[in-house]
Amino acid sequence: MENLILIAPPLAGKGTISKILENMYGYRCISTGVLLRREIKINGKYRKRIEQKQLNGELIDDEIVNELFEQELKKNTRHFILDGYPRNINQAKHLDELLNQLDIEINKVILLDISYDLAHKRLLGRCSCPKCKKVYNTESDELKPKFENLCDECKLPLEKRLDDNEETLKKRYDNYETITKKVISYYEEKQKLYWVDSSISTSKTIEQIKEILGEIHD
Ligand code: AMP
């Protein structure tokens with residue numbers, strides 16, 4: 001089985017898609033966004049240096065992200081999906097060195113593409129369960145909760161992410177355009193990049209990814 005990276009602008013569905021792939025194929029999902037939010041929640045040593053920047057939609061210092069990521073990866077290096085890491089060239093080079101030491105490699109990098117306008121529309125509807133963390137979107141027929149604003153499983157009221165607002169969306173999308181797109185070129189040069197249209201529906205996105213992974217999962 002292969003090791004994957006998902007790269008995407010905000011609201012393209014990285015979290016939702018990686019969870020589905022985790023359930024379908026048993027990948028281990030590592031999301032730096034989740035690791036950073038967890039560091040705030042447990043009042044970890046980097047809480048202060050993360051909190052304001054994350055709320056403002058800014059990228060967190062490489063030193064912190066690399067450390068939290070490395071700790072998490074080393075717990076278990078079985079086939080994984082990286083969600084939201086690397087997000088700049090420095091992180092991509094750090095990842096290369098780390099994987100070199102561990103004698104593992106990234107096989108495929110999947111770019112989930114959506115426009116700014118669609119990210120904006122999805123922003124209005126995204127919410128998640130505070131307990132099981134399942135992500136819903138009231139703007140999508142596929143991702144709507146069964147009962148208004150309640151988790152299908154836990155029946156708890158759904159919450160919005162604190163950094164999901166119009167102002168931070170602009171910054172996050174801009175960071176993607178100016179910084180993360182360089183990571184896309186980095187993997188394109190290594191011939192590892194696969195483009196996926198993530199604008200139609202979750203099931204259509206999964207269909208395209210299955211085709212990309214096809215030869216290893218048939
Ligand atoms: P995400 O959950 O992927 O949307 O990430 C939410 C926020 O966490 C981002 O807007 C950044 O503030 C921060 N973040 C997540 N991953 C990274 C990363 N690889 N490098 C820097 N900041 C990150």
Side-chain angles (χ1 to χ4, degrees), residues 1-19 21-22 25 27-36 50 53-54 57-74 76-116 118-119 163 168-199 205-206 208-216:
M1 232 156 133
E2 307 196 317
N3 296 317
L4 311 177
I5 295 178
L6 292 187
I7 300 188
L11 283 300
K14 282 182 288 105
T16 304
I17 298 297
S18 50
K19 268 273 163 264
L21 296 175
E22 182 176 69
Y25 302 124
Y27 283 107
R28 177 165 184 252
C29 212
I30 306 179
S31 154
T32 41
V34 169
L35 292 178
L36 291 162
I50 298 170
K53 281 197 171 171
Q54 202 177 44
E58 290 165 38
L59 291 180
I60 311 304
D61 302 352
D62 290 344
E63 172 204 341
I64 297 177
V65 181
N66 287 341
E67 184 185 320
L68 295 178
F69 170 75
E70 188 168 334
Q71 272 171 11
E72 188 66 21
L73 178 72
K74 285 182 171 168
N76 182 345
T77 55
R78 79 182 156 85
H79 51 270
F80 53 76
I81 302 180
L82 306 187
D83 157 358
Y85 183 91
R87 251 171 158 105
N88 62 31
I89 290 291
N90 241 342
Q91 294 179 8
K93 292 195 170 148
H94 182 264
L95 177 65
D96 279 350
E97 278 168 29
L98 182 62
L99 295 183
N100 226 346
Q101 282 167 25
L102 298 169
D103 200 23
I104 40 184
E105 65 167 338
I106 294 296
N107 305 95
K108 288 177 177 159
V109 177
I110 297 175
L111 166 62
L112 303 180
D113 206 11
I114 61 162
S115 66
Y116 177 82
L118 186 56
D163 60 342
T168 56
L169 176 68
K170 281 200 190 87
K171 273 195 213 151
R172 285 152 68 202
Y173 204 92
D174 195 45
N175 281 340
Y176 169 76
E177 291 276 349
T178 54
I179 301 172
T180 307
K181 278 210 169 155
K182 297 196 175 104
V183 178
I184 296 171
S185 311
Y186 182 77
Y187 289 113
E188 202 168 16
E189 277 162 28
K190 293 180 188 281
Q191 299 185 331
K192 293 193 176 188
L193 191 79
Y194 294 80
W195 183 86
V196 164
D197 177 359
S198 196
S199 65
T205 302
I206 291 291
Q208 296 169 74
I209 295 179
K210 270 173 140 177
E211 235 168 75
I212 294 168
L213 304 179
E215 66 274 19
I216 52 165

Do the side chain of [X] and the main chain of [Y] share a donor and acceptor less than 3.5 angstrom apart?
X	Y	value
Asp61	Glu63	no
Ser18	Gly15	yes
Arg87	Leu59	no
Gln54	Asp163	no
Thr32	Gly84	yes

(message) For Leu169 and Tyr116: C-alpha separation, side-chain torsions, deciding distance, then whether side-chain contact (heavy atoms from CB on, under 4.5 Å) applies.
(response) CA-CA 9 Å; Leu169 176 68; Tyr116 177 82; 4.0 Å; yes
Could you tell me whether the side chain of [Y] reaches within less than 4.5 Å of the side chain of [X], counting heavy atoms only?
X	Y	result
Ile81	Glu22	no
Asp113	Asp197	no
Leu213	Tyr25	yes

Rounded to the nearest 0.5 Å, what separates atom [atom1] in [X] from atom [atom2] in [Y]?
X	Y	atom1	atom2	result
Leu4	Tyr194	CG	OH	10.0 Å
Thr168	Asp174	OG1	CG	12.5 Å
Ile30	Leu68	CD1	CG	12.0 Å
Leu193	Gln191	CG	CD	11.0 Å
Thr16	Leu11	OG1	CG	9.5 Å
Asn66	Leu73	CG	CG	11.5 Å

(request) Please assess Leu82 against Leu95 for the test side-chain contact (heavy atoms from CB on, under 4.5 Å), listing each intermediate value before the final yes or no. (result) CA-CA 11 Å; Leu82 306 187; Leu95 177 65; 3.9 Å; yes
(message) Would Lys182 and Tyr186 count as a cation-pi pair here, with the cationic atom under 6.0 angstrom from the ring centre and within 45° of the axis?
(response)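 Pair Lys182/Tyr186 does not count as cation-pi.
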Closest heavy-atom pair and its distance - [X], [Y]:
X	Y	value
Lys14	Leu6	O-CD1, 3.7 Å
Tyr187	Ala92	OH-CB, 4.0 Å
Ala119	Pro10	CB-O, 3.6 Å

(message) For Gln71, I'd like to know if atom CD has over 12 heavy atoms of other residues, nucleotides or ligands within 6.0 Å.
(response)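 More than 12 within 6.0 Å, yes.
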(message) Please verify the inter-ring angle class for Phe69 with Tyr85; under 30° counts as parallel, over 60° as perpendicular, anything in between as tilted.
(response)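 Ring orientation, 0 to 90° scale: parallel.
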(message) So, using salt bridge (charged side-chain N to carboxylate O under 4.0 Å, His left out) as the criterion, who are the partners of Glu177 when residues are at least two apart?
(response)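 So Glu177 forms a salt bridge (charged side-chain N to carboxylate O under 4.0 Å, His left out) with Lys181.
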Output side-chain donor-acceptor pairs under 3.5 Å for residues 97-107, partner residues at least two apart or in another chain, one line each.
| residue | atom | partner | partner atom | Å |
| --- | --- | --- | --- | --- |
| Asn107 | OD1 | Asn3 | N | 2.7 |

(message) Does Arg28 form a salt bridge (charged side-chain N to carboxylate O under 4.0 Å, His left out) with Glu72? I'd like the steps, not just the answer.
(response) CA-CA 11 Å; Arg28 177 165 184 252; Glu72 188 66 21; 3.0 Å; yes
(message) Just to verify, which of Thr178, Asp62, Asn175 counts as forming a side chain to side chain donor-acceptor pair (under 3.5 Å) with Asn88?
(response)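 Running side chain to side chain donor-acceptor pair (under 3.5 Å) over Thr178, Asp62, Asn175 with Asn88 returns exactly one hit, Asp62.
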(request) Please report the C-alpha distance between Ile179 and Ile89 in whole Å, then the side-chain angles of each, then the deciding distance to 0.1 Å, and finally whether the side-chain contact (heavy atoms from CB on, under 4.5 Å) criterion is met. (result) CA-CA 8 Å; Ile179 301 172; Ile89 290 291; over 6 Å; no
(request) Show the numbers, then the answer: is there a side-chain contact (heavy atoms from CB on, under 4.5 Å) between Ile17 and Ile110? (result) CA-CA 11 Å; Ile17 298 297; Ile110 297 175; over 6 Å; no
